[in-house]
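Notes follow the structure.
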Amino acid sequence: MARVFLTGGSGFIGGALCALLVERGDEVTALARSDAAAATVIARGAKPVAGNVLDEERLAAGMRGCLVVYHVAGVNSHCPNDPDNLMRVNVEGTEAVVRAAARAGIARIVLTSSAASVGEAPGTIGREDTPHRGFYLSLYDRSKHEAEQRAFAAGERFGVEVVAINPSSVQGPGRASGNGKLLIDYVNGKLRVFVDVYISVVDVADVAVAHLLAADRGRAGARYVLNGATVRSREAVKVLSDLSGVRERVRMVPPTLARAAAVVAEGVARTRGRTSSFCPARVRTILHGHRYDGSLATRELGLDYTPLEETFRRTIGWACEQGLVTRPLPQPLILPTERPVVSSPRGG
């Protein structure tokens with residue numbers, strides 16, 4: 001058993017990682033920035049410590065005595081209500097975590113970055129060594145790229161090993177927003193239009209396992225792109241249809257129409273004092289398309305990926321259990337068994 005420190009333990013990816021660490025027998029100290037977050041991490045078997053990623057003093061205090069730090073917390077939105085806060089949390093918060101780890105004597109940090117930080121040029125496949133295209137599709141992309149760069153630089157400066165995990169679109173039980181909402185909308189008959197682009201998906205269970213493997217086997221200063229499958233939108237819809245029995249037609253519209261719709265949606269939301277979840281930055285990101293090569297994580301870390309069909313099946317099954325699927329499915333879902341716990345010789 002090892003003592004580890006976790007940020008983001010009340011969230012989607014962090015929650016899956018927290019549960020896996022606890023199940024493995026580790027003692028998890030989890031940062032909690034609210035009473036609700038504290039209650040969530042307690043329910044997941046972790047010990048909460050109050051604070052946020054910008055509070056270096058509290059971070060260092062909570063990390064003392066830990067073997068590894070898993071930094072998962074961040075603002076995940078292409079259409080943020082508070083853009084300045086997104087940059088503070090994702091960029092400055094990440095650097096503060098590295099500084100705090102150095103003060104606490106932590107040897108290694110596993111950073112949850114994003115495949116968005118790769119910045120592959122349009123029409124190309126993103127890999128760990130892909131040159132960045134030189135511009136950003138969204139402020140979120142910029143924040144993840146800058147956070148990763150500053151984390152590596154701070155790690156070198158303060159003598160902390162930083163290993164980055166760069167997942168593509170993370171799906172699985174617990175994801176009801178973002179692209180996860182698109183899956184649920186389809187089975188509910190609410191996804192009427194989309195664009196036919198490449199999408200890349202990785203199961204949340206694989207992402208959690210990858211963090212443990214990176215703590216044990218990852219090279220210091222390395223990044224590992226995680227991607228289980230890349231398909232076109234039409235193929236993804238067919239997988240959903242075959243699994244659920246839903247036969248709704250999704251019209252694939254041209255990019256120009258999607259861009260125009262985003263401008264209109266943003267304008268309507270602004271008049272109501274809101275932020276549209278279908279903003280131009282999100283549409284740019286979707287239209288860019290995403291193809292990633294996740295094979296390095298398999299070769300160096302030993303990660304096995306969950307098939308896309310299983311990820312979608314687990315997601316839909318969870319959505320049904322949560323009452324998010326609002327109509328009976330034409331056919332029953334056969335739910336897969338739980339993935340096994342991965343042990344770690346290093347204990348991190």
Side-chain angles (χ1 to χ4, degrees), residues 2-53 59 62-63 66 68-77 89-90 93-94 97 109-114 144 165-181 183-184 201-215 226 228 303 306 310-324 335-336 338-342 344 348:
R3 186 181 172 197
V4 300
F5 188 86
L6 170 67
T7 72
S10 63
F12 175 50
I13 295 174
L17 176 57
C18 183
L20 188 58
L21 289 165
V22 170
E23 188 174 358
R24 190 176 67 166
D26 288 346
E27 180 185 341
V28 182
T29 299
L31 187 70
R33 61 187 179 89
S34 68
D35 291 341
T40 298
V41 298
I42 289 173
R44 288 171 173 166
K47 175 186 176 182
V49 57
N52 61 69
V53 294
L59 287 170
M63 291 176 184
C66 292
V68 177
V69 168
Y70 297 95
H71 178 42
V72 187
V75 178
N76 181 12
S77 174
V89 171
N90 290 1
T94 296
V97 167
I109 294 176
V110 178
L111 167 66
T112 309
S113 184
S114 169
K144 299 305 285 187
I165 294 297
N166 301 73
S168 61
S169 181
V170 185
Q171 301 301 323
R175 184 76 189 273
S177 61
N179 291 338
K181 186 176 184 299
L183 306 186
I184 298 170
V201 174
V202 62
D203 196 291
V204 67
D206 299 342
V207 178
V209 170
H211 281 76
L212 272 62
L213 295 173
L226 307 183
L303 181 65
T306 300
E310 183 176 336
T311 299
F312 281 3
R313 186 184 292 115
R314 293 172 63 239
T315 303
I316 298 168
W318 169 83
C320 289
E321 292 173 356
Q322 298 298 310
L324 300 175
L335 297 179
E338 292 296 320
R339 290 175 63 81
V341 176
V342 174
S344 167

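- Side-chain contact between Asn166 and Lys144 is absent, with no heavy atoms from C-beta onward closer than 4.5 Å.
- Residues Leu212 and Arg24 meet the side-chain proximity criterion, which asks for heavy atoms closer than 4.5 Å.
- Here the closest heavy-atom approach between residue Cys18 and residue Val28 is recorded as SG-CG1, 4.4 Å.
- When the shell of 6.0 Å around CZ of Arg44 is examined, it contains more than 12 heavy atoms from other residues, nucleotides or ligands.
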Could you walk me through whether Arg314 and Asp203 pass side-chain contact (heavy atoms from CB on, under 4.5 Å), step by step? CA-CA 10 Å; Arg314 293 172 63 239; Asp203 196 291; 2.7 Å; yes
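- Distance check, rounded to the nearest 0.5 Å: CG of Leu213 to CG of Leu303 gives 6.0 Å.
- Atom CZ of Phe12 is separated from atom CD of Gln171 by 6.5 Å, given to the nearest 0.5 angstrom.
- Note that CD of Glu321 and CD1 of Ile316 are 12.5 Å apart. Values are rounded to the nearest 0.5 Å.
- For the pair Thr112 and His211, the minimum side-chain heavy-atom distance is below 4.5 Å.
- Annotation: the span from Asn52 atom CG to Leu59 atom CG amounts to 7.5 Å, rounded to 0.5 Å.
- The main-chain N or O of Ile165 is never found under 3.5 Å from a side-chain atom of Ser113 such that the two would form a donor-acceptor pair.
- Listed here is the closest heavy atom pair of Ser10 and Val41: N-CG1, 3.7 Å.
- In this structure, Gly172 and Thr311 approach most closely via the heavy-atom pair N-CG2, 4.3 Å.
- The heavy-atom pair separating Thr29 from Gly62 by the smallest distance is CG2-O, 4.0 Å.
- Rounded to the nearest 0.5 Å, atoms CG (Leu31) and NE2 (His71) are 9.5 Å apart.
- Val72 and Gly14 get closest at one heavy-atom pair: CG1-N, 3.6 Å.
- Note that CG of Leu226 is 8.0 Å distant from CG of Asp206, once rounded to the nearest 0.5 Å.
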